[in-house]
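Working notes, beginning with the structure itself.
Each ligand, and each atom within it, is numbered from 1 in the order the structure gives.
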Amino acid sequence: MKIHLNGKLVERGEAVVSVFDHGLLYGDGVFEGIRTYNGRVFKLDEHLARLEESGKAIMLAMPISREEMKNAVLDTLRANGLKDAYIRLVVTRGEGDLGLDPRKCHGKGTLIIITDKISLYPEEHYRNGLEVVTVATRRNLPEAVSPKIKSLNYLNNILAKIEANNAGVLEAIMLSADGWVAECTGDNIFIVRKGQLITPPTYIGALDGITRATVMDLAKKNGIPCTEALFTRYDVFNADECFLTGTAAEVIPVSKVDSRPIGTGKPGPITLKLVEAYKALTRSEGVAI
Ligand code: PMP
């Protein structure tokens, strides 16, 4: 497996960074998870734009231009002969000294591009729905760090994931400090109520998900009303349908939340329509490798 590391394609064993890298020492960096479908990279520009914006928010300039980044991603995919892949793009503040001051970092930062086979939720959950739980770990305060920054600080999400693991389910719903539904550990959340989609606004503590935006767009095109609004666990329990969105997960129905079946307990008609519409879109567009 070839990895892109700071402008070079190297073997996995040689893809190593300094123990003084501020990405490792302080989680000081940003990242993206991108997918390819049948030889095409889905929403590449949107992901690169979000990476740049996350970087801008933490005053971390991208080490290479958008066009160079695009070519580096495509070259890495070609070098590994991958048509259906998951891409992990990481940009850290780079090597510095001990001490968190970013001015201690010299150089242009560390750029890592890993392309690998995708590991997905088991297929049965797309047919029958996924069981999830709400966890005690609250989403980071959006007033402290913007949830729009896709940074290397994922400890909040990892703590929630550990709770999901302990509960024997694959994903967890995280609430804001005030108890509003925010998002999941690696996915955004939607509920359906009386034919209308509702998803939490990003300011409550949700990533501005690219799949979330794509689904909102697909809903519009299919005449399904969609709003961003605050809601609670109660609203999830009493929703007609619920589903999660994410680059890796795509659109996945939720069958049960905290042991309460959602709607009929089976994926609902609006969810299934969006699952299909999303699948069709992934097959019809993207940047050719
Ligand atoms: N929320 C979090 C916390 C995430 O890490 C992700 C991405 N894995 C998402 C939501 C979904 O975002 P996207 O649709 O852009 O993959």
Side-chain angles (χ1 to χ4, degrees), residues 27 29-37 41-55 57 73 85-91 114-116 118-121 126 130 132 134-135 137-142 144-164 170-177 180-191 197 199-219 226 228 242-254 271 274-275 277-279 281-282 285-286:
V30 292
F31 78 101
E32 278 299 320
I34 314 170
R35 254 181 97 164
T36 71
Y37 293 89
V41 189
F42 192 59
K43 302 281 178 193
L44 181 56
D45 271 310
E46 285 81 349
H47 284 282
L48 293 179
R50 188 170 66 182
L51 186 75
E52 287 166 15
E53 287 178 10
S54 291
V73 167
Y86 185 79
I87 306 161
R88 172 57 48 89
L89 243 173
V90 183
V91 179
I114 306 168
T115 58
D116 203 354
I118 16 167
S119 75
L120 304 170
Y121 288 127
Y126 290 86
L130 188 69
V132 302
T134 319
V135 291
T137 300
R138 295 297 168 114
R139 193 75 185 87
N140 279 338
L141 269 187
V145 179
S146 169
K148 289 192 175 185
I149 303 173
K150 198 163 168 60
S151 85
L152 297 180
N153 286 276
Y154 255 53
L155 204 47
N156 183 219
N157 312 58
I158 289 168
L159 287 172
K161 188 76 169 183
I162 289 168
E163 289 190 73
L170 295 176
E171 188 47 298
I173 296 176
M174 301 179 77
L175 307 177
S176 71
W180 301 108
V181 170
E183 64 174 341
C184 295
T185 68
D187 301 305
N188 288 108
I189 184 167
F190 286 77
I191 56 172
L197 292 187
T199 192
T202 57
Y203 68 75
I204 206 64
L207 182 75
D208 196 357
I210 288 164
T211 320
R212 174 184 181 273
T214 305
V215 164
M216 288 166 94
D217 195 42
L218 286 173
C226 180
E228 293 178 80
C242 177
F243 61 86
L244 312 181
T245 63
T247 296
E250 305 181 312
V251 180
I252 185 158
V254 171
T271 303
L274 291 166
V275 168
Y278 187 80
K279 263 200 192 123
L281 192 67
T282 60
E285 61 170 55

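- For T185, the closest heavy-atom approach to ligand 1 falls below 4.0 Å.
- Near G209, meaning under 4.0 Å from any of its heavy atoms, are these atoms of ligand 1: 12 (O), 13 (P), 14 (O), 15 (O).
- In this structure, the separation between CD1 on I252 and CG on L244 is 7.0 Å, given to the nearest 0.5 Å.
- Atom numbering of ligand 1 starts at 1 in the shown order; those under 4.0 Å from a heavy atom of Y154 are 2 (C), 3 (C), 4 (C), 5 (O).
- Between the side chains of T185 and E171, a donor-acceptor pair is found at a separation under 3.5 Å.
- One option in N157, N188, N140 has a heavy atom closer to atom 11 (C) of ligand 1 than any other, and that option is N188.
- Against a heavy-atom cut-off of under 4.0 Å, R50 is close to the following atoms of ligand 1: 15 (O).
- In this structure, the separation between CZ on R212 and OG1 on T202 is 6.0 Å, given to the nearest 0.5 Å.
- The single protein non-hydrogen atom nearest to atom 14 (O) of ligand 1 is T211 OG1, 2.6 Å, given as residue, atom name and distance.
- The aromatic rings of F243 and F190 sit parallel, their planes meeting at an angle under 30°, below the 60° perpendicular limit.
- Short contacts between ligand 1 and G246, defined as distances under 4.0 Å to a heavy atom of the residue, involve ligand atoms 11 (C), 14 (O), 16 (O).
- Counting heavy atoms from C-beta outward, L274 and L197 have side chains that approach closer than 4.5 Å.
- Closest heavy-atom approach to atom 2 (C) of ligand 1 within the set M174, K150, E183: this belongs to E183.
- Atom numbering of ligand 1 starts at 1 in the shown order; those under 4.0 Å from a heavy atom of T247 are 13 (P), 14 (O), 15 (O), 16 (O).
- With hydrogens and angles disregarded, no donor-acceptor distance shorter than 3.5 Å links the side chain of N140 to the backbone of G205.
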